[in-house]
Each structure stands twice: as structure tokens, then as C-alpha cells.
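Encoded as C-alpha cells, the structure appears first; notes follow it.
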Amino acid sequence: MSNIKGPRGTQDILPGEVEKWQYVESVLADICHRYHYKEVRTPVFEHTELFQRGVGDSTDIVQKEMYTFEDRGGRSITLRPEGTASVVRSFVQHKVYGYPNQPTKLFYFGPMFRYERPQQGRMRQFVQFGIEALGSDDPAIDAEVIALAMNAYQELGLTSLKLVLNSLGDLESRKNHREALIAHFKPHKDELCEDCQMRLETNPMRVLDCKKDREHPAMETAPSILDYLNKESREYFETVKSVLDKMGIPYVIDPNLVRGLDYYNHTAFEIMSEAEGFGAITTLSGGGRYNGLVEEVGGPETAGIGFALSIERLLMALDAEGIELPIDEQLDCYVVTVGDEAKKEAASIVYQLRQAGIQVDKDYADKKMKAQFKAADRLRAKYVLVLGEDELQNNQINLKNMDTGDQQTIKLEEIVEHMKKEFKED
RNA sequence: GCGGCUAUGGUGAAGUGGUUAACACACCGGAUUGUGGCUCCGGCAUGCAUGGGUUCGAGUCCCAUUAGUCGCCCCA
């Protein structure tokens, strides 16, 4: 039988690596706390229809990247490819829009699934952290969401960041822009790439985002969405920008920033890494406003905005910038024993120490004393307790400070209290 | 979904078709018979991703599969 490996595009996060994840997640949760976003947990699978309606039928995600299967009851189920649709569904299902204290500000963590060819920074199962603010169309909350995102990266130490901003406008603006785009590109249709010829029909804005046709002369002169924003949309965008300016958050405007999901309107943004050697994929996170999505999913007319980042890419960016996270794996105490009697006695002492709140480990591999010390050293134990025949006979235990090398003898019955004091002082 | 590159122990890696698969690190043991970080010595590959094929003979050549990796598409 050949060995079974994890499915393609999945990864195991083992001790040594998992501490980074825990640290990053704790920082993110802490930031959410300060911005007053509350955690929400939704299922990792949903009815397929939710994503078809929410994310949009014409998107790549829905068309070719979903993990969709039929369950035993014949229902079409999909592993969530992104978080917003689920959060909105849950918001509608539980009528959270009726709760006091609107807008509703939520954050989430969790695995997302997309059937894609894996490469660096792109997994079939990856972890996203995201936030959603539902029930407000105040431009200041757009700025808040962006600020939280930038804040998160900066707090972890990243500096080579670029915030790219655009406005997709409201329905009317988009409609006018769409018509202008079609009129503009139609004469050149045959010169565009195959994908873009399709896009011209389905979502002409995406043509602007195409990498293949970037050099085409018609791109230069293509109508910009920013020129087609109606008064309302333009004012909205101006306000978002001015709040960001006030906050001192730098950004660049990219009228070609489109975003891959259908539900976006008005504010759209992406945060990219500009670190050397980050690879082909530079997008760290993306988000935008999605007024209308709540209705699409069956709720009342409700404004919404959110963003999501991938933890994998965040860790990559930290790596690319050479940032060491403050992870200090130490062990409070390691118990070394000599002889069978001592081993039994040690088991009880270890138990008592742990109950007293101290982190303790001991040897279970029947190692020689020297090897036990070596293990203690490698585990970066702060203290080693030695219990051998001599100590046992005298009802004592030897305590060694591994940093200073100092040793002292302590009565067996006093060791737990002694250690408690030792750690209280820290 | 498409294209390039790669696949040898826990890790990094030698190996240009011919007996027993270098070396380094890590790990385990010993020197030091109850004490770590240094030094010295010794040990350490279900036999080279999997499955076929070529050959007197394959880790070394060919094909397929799988996986990784880089890029395209697109995104987090």
C-alpha cells in the first residue's frame, strides 16, 4: 500500500509553524477588538445556490473553482470559496439587521476552498481572515475597513505595502460606463484576446484588468469608470478618499482595479506586497463595498462593506520582509529522574506542578540522565528538577536554573509552593 | 484548465549505465558510571516519488502517473 498524502493544494501546519499562525491570529483578533468587530462563525459548506447568487454566476470562482458535490440527501453543497456570502446569509437568516446597535460589524477566520492549480500563495484550502460591516453606507466606514486592514499588516511589521483604490460607482454609473466600454472596444473586438472577447459581452470592465491585452492601444484610451461616476458616486468616493487622507493612509488610485466578484460597487481596494521576491502573486487582500448583496440573498435593503486577507500570504509577506515574529517557545520546567522509584515519584510531582499552573514535562523515553538534560536544554527549559535516589532518600529534590546554572536543594513537600513563587516573580 | 523545471535518508544535498548509494547538519549512543550548551569517537537510506519499459546490468536512459515548484488565467 502506498502512503497516503494530503490532497493536492492542502497543507499541514505542524508545531514550529503553527505558533506563527496562532500569533498572527491573536494579533488580528486583538485589532478587531479595538475596532469593535465581533467574531462570527459560519459553516464551511453552504447550499451551492448561495454562492451562485451571492458571488455571481459569471465569476471564475463560480464557473470553475468551486468544490461542489451532492450530499446523501441529493442537495448540491459547496465548500465555501469565500466568506462574505456566508456571513451575509447568516445576517439575513437570523434577522441580525433587526438587532440594536447597527451597523453590524463582524469578523471571521477560517478555511476557504477553491479548486485551482496550486502555486506559491495559492492553495486549494487556504485560511482567510475577513471583516464585514453591514448596515451603513457612511463613507467613513469604508475608510474604517481599509484602515483596519492596513493596521493589521503594519502592526505585524510589514512596510512594503501598496493600497490600491478605485470606485466602481453605483448601478447607474456602472451601466453608463459599461455602455461606453462596449462602444469603445467593439471596433477592436477581433484584436483582443479570446477571454476579452467573452468579457466584452459578460463583464466589459474586466477587459480593463486583462494582462494580455495590456499593450493594446485601445486600452490607453478606454473610458475610465471614474469619468462615468454620477454625482452621488463621485461624492461618495471623494469622501472616502478625504477620510483616508485625514487618517494619513496613503493610497494609489487604479481605475482598472475591478475585483473578481460580482457583488462589488462603489469602493473597491486591494492591498499588495511590494517586497522583493514575493513572487507572482502580490495581492495580500482585497475588499470593497457590496450594497445590494443582502437583498440578493433575501434580506432587506442593506449596505455592506468588507475585506478579506489570506493568512498564508500574510505569512509569506512577513517572510519576504524578513520579519521575525515575537515567538518565544520555552518550557517552564523539566523533571529529570534517576531510577525507577524516582520515576514514579516524579509523575506525581509533575502532576502537582501542572495543577499549580506550571508548564512541565519529563522524559518518557527512558533516557540516561545526560540525555535528559540535553532534552531539557533543547526544549529551552527554564528550570530542571532532578529527582534521583539520593534526593528520594532525603525527601528532597534538586532545582537547577538552566540560565545561571545555580542549584539548590528543596524539601520534596515544599517544591510545588516554591515553584509557584518562582514563577510569580517573573 | 495550459506551459516550463524538478522528485535520492529527518533536512540540505553528491552521484557524467557497471561491485557494499559520498558529504554535511539533525538525531541516537559512548568518552564524562548523577547534570545541558564545546570537543572527540561510533551508529543512522523499507535502497534513490509510484508504475511500466530499454539493457547482460538503471538512482543514472525512455514513457506514464502522482506530487512539488515557477509562470499563464484568476484571485486571498
Side-chain angles (χ1 to χ4, degrees), chain A residues 1-11 14 16 55 58-65 80-84 109-130 149 193-196 198-199 203 206 209-213 257-261 270-273 277 279-287 306-317 334-339 342 363 365-392 398-407:
Chain A
M1 188 183 101
S2 62
N3 289 328
I4 297 173
K5 292 186 207 149
R8 184 165 212 200
T10 65
Q11 62 175 338
L14 303 175
V55 176
S58 74
T59 60
D60 278 7
I61 289 181
V62 171
Q63 279 188 347
K64 51 184 202 193
E65 293 173 5
R80 62 180 180 192
E82 58 99 46
T84 302
F109 268 110
M112 305 294 163
F113 307 83
R114 289 185 202 172
Y115 192 90
E116 292 186 277
R117 183 96 176 246
Q119 66 182 70
Q120 186 173 50
R122 185 206 282 158
M123 299 299 233
R124 288 186 174 180
Q125 175 174 337
F126 59 100
V127 177
Q128 274 191 349
F129 158 82
C193 77
E194 216 173 288
D195 285 338
C196 282
M198 287 273 269
R199 287 181 186 127
N203 193 346
R206 308 287 294 270
D209 204 31
C210 180
K211 271 122 196 156
K212 272 188 202 150
D213 292 326
L257 175 70
V258 175
R259 314 249 60 243
L261 287 65
E270 261 179 38
I271 298 170
M272 331 251 250
S273 171
I281 293 171
T282 55
T283 305
L284 293 177
S285 58
F307 96 102
L309 65 82
S310 108
I311 308 285
E312 287 84 355
R313 289 185 187 177
L314 171 53
L315 291 172
M316 271 171 61
Y334 191 89
V335 177
V336 167
T337 62
V338 186
D363 168 63
D366 230 355
K367 283 190 179 127
K368 299 274 161 51
M369 182 181 222
K370 187 188 173 80
Q372 291 184 54
F373 262 93
K374 214 168 178 178
D377 188 52
R378 224 180 304 117
L379 294 167
R380 303 190 55 219
K382 294 174 202 152
Y383 295 96
V384 165
L385 286 170
V386 184
L387 189 65
E389 273 126 28
D390 299 348
E391 286 84 359
L392 214 51
N398 188 269
L399 173 63
K400 177 168 183 172
N401 180 317
M402 291 296 273
D403 287 331
T404 63
D406 294 342
Q407 300 197 49

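Note on naming: letters A, B, ... go to the chains in the order of the sequence lines (proteins, then strands), and numbering restarts at 1 for each one. Quick caveat, the model's predicted, so the values are computed rather than measured. Values below: all heavy atoms of this structure, side chains included; hydrogens, waters and symmetry mates excluded.
Considering only side-chain N and O atoms, Gln372(A) lies nowhere under 4.0 angstrom from the phosphate OP1 or OP2 of rU35(B). An OP1 or OP2 oxygen of rG37(B) is reached within less than 4.0 angstrom by no side-chain nitrogen or oxygen of Arg378(A). Taking side-chain N and O atoms only, Gln120(A) has a distance below 4.0 Å to OP1 or OP2 of rC70(B).
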**Request:** Could you run through nucleotides 2-8 of chain B and give me one letter per nucleotide, 5' to 3': B if any protein heavy atom sits under 4.0 Å from the base, S if only the sugar-phosphate is that close, - if neither?
**Result:** BB-----
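Of the candidates rG1(B), rU35(B), rC75(B), the closest approach to any side-chain atom of Thr283(A) belongs to rC75(B). Residue Gln119(A) places its side chain closer to rG71(B) than to any other of rU69(B), rG71(B), rG30(B). Listed nucleotides: rG29(B), rU69(B), rC75(B). Nearest to the side chain of Arg8(A): rU69(B).
Nucleic acid contact for Glu391(A): base, since at least one base atom lies under 4.0 Å from a heavy atom of the residue. Heavy atoms of Glu389(A) sit under 4.0 angstrom from at least one base atom.
Across all strands shown, the partner of rG42(B) is rC28(B), judged by Watson-Crick or G-U wobble contacts whose two distances both fall under 3.5 Å.
Using atom C1' as the reference point in both rC41(B) and rG47(B), the two lie 27 Å apart (nearest Å). Here the separation of rG15(B) from rA24(B), taken at their C1' atoms, is 16 Å to the nearest Å. Spacing of P atoms, rU66(B) relative to rU50(B), comes out at 16 Å, to the nearest Å.
The NZ-C1' distance, from Lys370(A) to rU35(B), rounds to 8 Å in whole Å.
Mapping Gly6(A) and Leu309(A) onto RNA chain B by nearest heavy atom places Gly6(A) closer to the 5' end of the strand. In this structure, Leu284(A) and Thr10(A) both approach RNA chain B, and ranking their closest nucleotides by distance from the 5' end singles out Thr10(A).
Each of Leu385(A), Asp363(A), Val386(A) was checked for a side-chain contact (heavy atoms from CB on, under 4.5 Å) with Tyr334(A), and the lone residue meeting it is Asp363(A).
In the interface, the side chain of Glu116(A) is paired with the base of rA76(B) through a donor and an acceptor atom under 3.5 Å apart.
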